[in-house]
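Read the structure below first, then the notes.
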Amino acid sequence: MSLYAAEQFSDDEAAILRRYVTNLDQPVFALVNLPEVVKGALFARYSRSALSLRRLFLKEFVGDLDITGDQTIDATVGLARADELYARVFFEYGDDSVAQLGGVHLACEQASNVLTKVLEWGRLMSYLEQSTRYIAYTDKPGGRHRYHIDPEVDAGPVGAAYRQAMDGLFDTYAAVLRPVRAHLDARLPGQADAKARTRAIRALALDICRALLPAATVSNVGIFASPQALEQVVMRLRAHPLPEANAYAERVATQLMAVIPDFLTRLDRPDRGGAWVEYLRDTREGLAAAAAAVPLSAEVSDGAEVTGGGRVRLVRWDNDGELRILAGALFPHAQTGEEAMLTALRALGAPRLDELFAVATGRRGNRRHRPGRGFEHTEYTVEVVSDYGAFRDLQRHRLLTVQWQRLGVELGAAVPPEVDAAGVGEAWRAAVARAEAVHAALLETCPAQAEYCATLGHRLRYQLRLNARELMHLVELRTSPQGHESYRRVALEIHRQVGEVAGHRRVAAAIRFVGRDDVHLPRYASEVRTGAGA
């Protein structure tokens with residue numbers, strides 16, 4: 001049986017698609033021969049649609065394009081290689097720098113939620129992932145629920161139990177959606193726009209019930225990146241312990257070779273790409289062995305508790321961080337070194353420092369007005385325990401440093417209170433318990449694949465390291481009223497601890513656009529705007 005559900009297209013549909021995608025039947029393919037604005041709009045729509053990218057293009061985009069001049073193009077047979085002049089320039093002037101100047105739109109479909117975190121690890125990339133907020137995972141493409149089945153697991157002694165546990169999670173997810181939505185509809189107050197309220201309640205129900213979806217749930221990810229960044233993706237996937245990642249690496253490499261072959265000449269060379277993959281793998285395995293040999297003290301569970309049983313702890317910061325921000329902000333406008341500037345700033349009183357910090361922050365009119373790079377001169381390290389769903393959203397902030405531990409079930413999984421209030425808590429817990437039992441069995445036989453059995457509601461421990469400028473972006477974006485409650489509480493607590501624990505009250509005050517209100521219906525205002533623009 002194929003791991004991936006292949007779509008069927010009519011002859012006319014296939015004739016159109018051949019002009020714009022590098023294959024018609026694989027889960028990884030590149031977009032070609034389309035204007036940049038079309039590719040960007042297609043990926044943006046992709047994140048909120050249950051359709052595959054090819055089907056979405058046929059349904060919503062191709063009718064608006066003039067494709068009369070493209071009949072002779074067939075992208076599925078590969079593009080012509082660069083001419084001799086290009087090849088000579090490429091090899092003579094350096095593949096690293098030249099490889100940063102191109103760009104590829106790559107569709108990665110039917111990837112598990114474990115794999116999507118590997119795909120989205122790189123900073124120098126842009127990606128949009130299919131959202132659990134706008135899509136109900138109740139359909140069965142190819143006749144089965146949307147979860148990844150690892151061949152080794154499927155053929156082993158736990159295969160049948162794995163399928164039963166995954167089916168149980170998805171069946172329960174489908175069963176609890178309606179009563180949770182009915183409970184919300186009955187509990188939440190009425191709104192002026194009834195249609196927007198209905199859409200907002202649907203989104204809130206999906207937000208709540210996503211905690212039952214397993215990490216094996218497959219998703220679609222649209223990636224735009226330079227050849228250099230995509231080369232790193234392939235090597236990272238090849239070095240990863242997850243078999244799904246290793247197999248996906250070759251699918252990605254095959255599609256990239258169809259569109260940017262000259263940029264990937266070193267990827268399969270044993271002394272270049274091969275040696276790099278071996279280095280990544282050996283380093284990871286060495287660190288894992290070293291960590292296992294280190295005598296660790298008992299778990300410390302300090303830090304502030306947040307919604308869902310998670311915790312947030314600010315573990316490291318610069319005591320003079322605010323002075324360093326001021327020195328960094330003033331530096332381009334002065335004619336002296338940083339140390340002399342810091343000495344001068346330390347001699348100033350608090351009122352004058354407040355004035356200078358206000359100048360460095362500027363008159364911010366909205367959250368998109370962010371101060372300059374002076375705010376990058378101090379950093380914070382935060383240790384977080386939250387549900388995996390919240391981690392997925394915070395991990396996509398590319399400018400921070402994020403490291404996470406193995407996804408498991410040891411830290412537990414909270415059941416949203418709305419689930420118990422809707423009377424379906426017992427079924428929810430039973431489905432999670434079955435998945436946790438399979439997780440324990442897989443740790444003995446296929447430990448890398450055990451992560452698939454944890455749900456988006458299971459807790460994960462991770463670290464975020466970020467400067468004050470990125471902190472401003474994260475807090476103001478992730479506390480907005482339409483955000484998911486689990487990551488809103490994490491972001492709010494990080495903001496509180498920066499001001500109160502680190503004592504950086506000026507930094508905390510500069511982060512002005514913080515959504516602190518209790519929001520009963522998070523997406524309502526956004527849905528009103530959406531309806532008004534329809």
Side-chain angles (χ1 to χ4, degrees), residues 2-79 103-113 115-116 119-120 125-132 134-137 139-148 217-225 230 233 244 247-248 250-260:
S2 172
L3 288 176
Y4 302 100
E7 288 187 283
Q8 301 299 316
F9 301 104
S10 69
D11 291 344
D12 289 343
E13 290 173 334
I16 293 173
L17 287 173
R18 286 180 183 279
R19 307 167 198 172
Y20 308 112
V21 298
T22 51
N23 69 72
L24 302 184
D25 57 355
Q26 296 297 313
V28 182
F29 54 93
L31 293 178
V32 294
N33 304 321
L34 287 169
E36 293 299 307
V37 67
V38 173
K39 289 185 282 189
L42 185 56
F43 270 8
R45 178 70 182 90
Y46 193 32
S47 68
R48 298 190 179 193
S49 173
L51 299 175
S52 72
L53 194 73
R54 285 172 288 221
R55 182 59 63 190
L56 182 65
F57 176 71
L58 289 170
K59 182 180 179 181
E60 298 188 16
F61 283 78
V62 75
D64 295 327
L65 298 176
D66 181 3
I67 61 174
T68 54
D70 297 344
Q71 285 90 339
T72 60
I73 298 174
D74 189 341
T76 65
V77 298
L79 301 181
V104 176
H105 284 82
L106 190 72
C108 297
E109 300 193 339
Q110 301 181 58
S112 77
N113 268 261
L115 177 59
T116 60
L119 290 169
E120 297 170 358
M125 301 167 62
S126 298
Y127 20 70
L128 281 172
E129 183 177 343
Q130 194 173 47
S131 173
T132 54
Y134 302 100
I135 301 163
Y137 284 76
D139 61 334
K140 294 184 177 182
R144 60 180 175 85
H145 287 299
R146 295 181 181 225
Y147 62 85
H148 179 74
T217 303
V218 294
S219 183
N220 297 333
V221 181
I223 296 175
F224 176 72
L230 290 167
V233 169
E244 181 191 9
Y248 219 82
E250 306 318 310
R251 296 179 182 277
V252 172
T254 298
Q255 299 311 308
L256 294 179
M257 287 298 294
V259 290
I260 50 169

Discussion item. Quiz question: by atom type and distance under 3.5 Å, do the side chains of S47 and Q130 form a donor-acceptor pair?
Written reply: no
Practice prompt. Ignoring hydrogens and angles, tell me if any N or O in the side chain of Q110 forms a donor-acceptor pair with the backbone of A5 under 3.5 Å.
Written response: yes
Worksheet item: Distance from C108 atom SG to L119 atom CG, nearest 0.5 Å?
Response: 5.0 Å
Fill in: Intermediate values then yes/no, side chain to side chain contact (heavy atoms under 4.5 Å, CB included), Y248 and L115
CA-CA 9 Å; Y248 219 82; L115 177 59; 3.6 Å; yes
Discussion item. Using 0.5 Å steps for rounding, measure from the CG atom of D12 to the CG atom of L17.
Written reply: 11.0 Å
Discussion item. Just verifying a value: how many Å separate N33 CG and K39 NZ, rounded to the nearest 0.5 Å?
Written reply: 8.5 Å
Worksheet entry | Exercise: identify the closest heavy-atom pair between A50 and R146 | O-NH2, 3.3 Å
Fill in: Min side-chain heavy-atom separation V221-L128 under 4.5 Å
no
Practice prompt. May I ask you to decide whether R55 forms a salt bridge with E13, counting only side-chain N to carboxylate O separations under 4.0 Å?
Written response: yes
Worksheet entry | Backbone N/O of K140 and side chain of R144: donor-acceptor pair under 3.5 Å | no
Worksheet item: Taking it one step at a time, do F61 and L34 satisfy side chain to side chain contact (heavy atoms under 4.5 Å, CB included)?
Response: CA-CA 11 Å; F61 283 78; L34 287 169; over 6 Å; no
Worksheet item: Y4 versus R251: any side-chain heavy-atom pair under 4.5 Å?
Response: yes
Practice prompt. Hey, could you give me the CZ/CG distance between R18 and L24, rounded to the nearest 0.5 Å?
Written response: 5.0 Å
Discussion item. Side chains of Q255 and N23 only: does a donor on one sit below 3.5 Å from an acceptor on the other?
Written reply: yes
Discussion item. How long is the straight-line distance from CZ of R48 back to CG of L51, given to the nearest 0.5 Å?
Written reply: 15.0 Å
Worksheet item: Testing V259, I223, V252 for side-chain contact (heavy atoms from CB on, under 4.5 Å) with L230, which one passes?
Response: I223
Worksheet item: Quick one: does Y127's side chain have a donor or acceptor within less than 3.5 Å of a partner on E120's backbone?
Response: yes
Worksheet item: Are the side chain of T254 and the backbone N or O of E250 linked by a donor-acceptor pair below 3.5 Å?
Response: yes
Item to complete: Walk me through it: do V21 and R54 pass the test side chain to side chain contact (heavy atoms under 4.5 Å, CB included)?
Response: CA-CA 8 Å; V21 298; R54 285 172 288 221; 4.1 Å; yes
Worksheet item: Is any side-chain heavy atom of V32 less than 4.5 Å from a side-chain heavy atom of H105?
Response: no
Worksheet item: Of all heavy-atom pairs between S219 and T116, which one has the smallest distance, and what is that distance?
Response: CB-CG2, 4.2 Å
Response to the item:
Sorted by chain and residue number, the side-chain contact (heavy atoms from CB on, under 4.5 Å) partners of L53 (sequence neighbours excluded) come out as F29, L31, L42, F43, Y46, A107, E109
Worksheet item: Given the rule in the side chain to side chain contact (heavy atoms under 4.5 Å, CB included) test, do D25 and E7 qualify, once you have shown the distances and angles that lead to the verdict?
Response: CA-CA 7 Å; D25 57 355; E7 288 187 283; over 6 Å; no
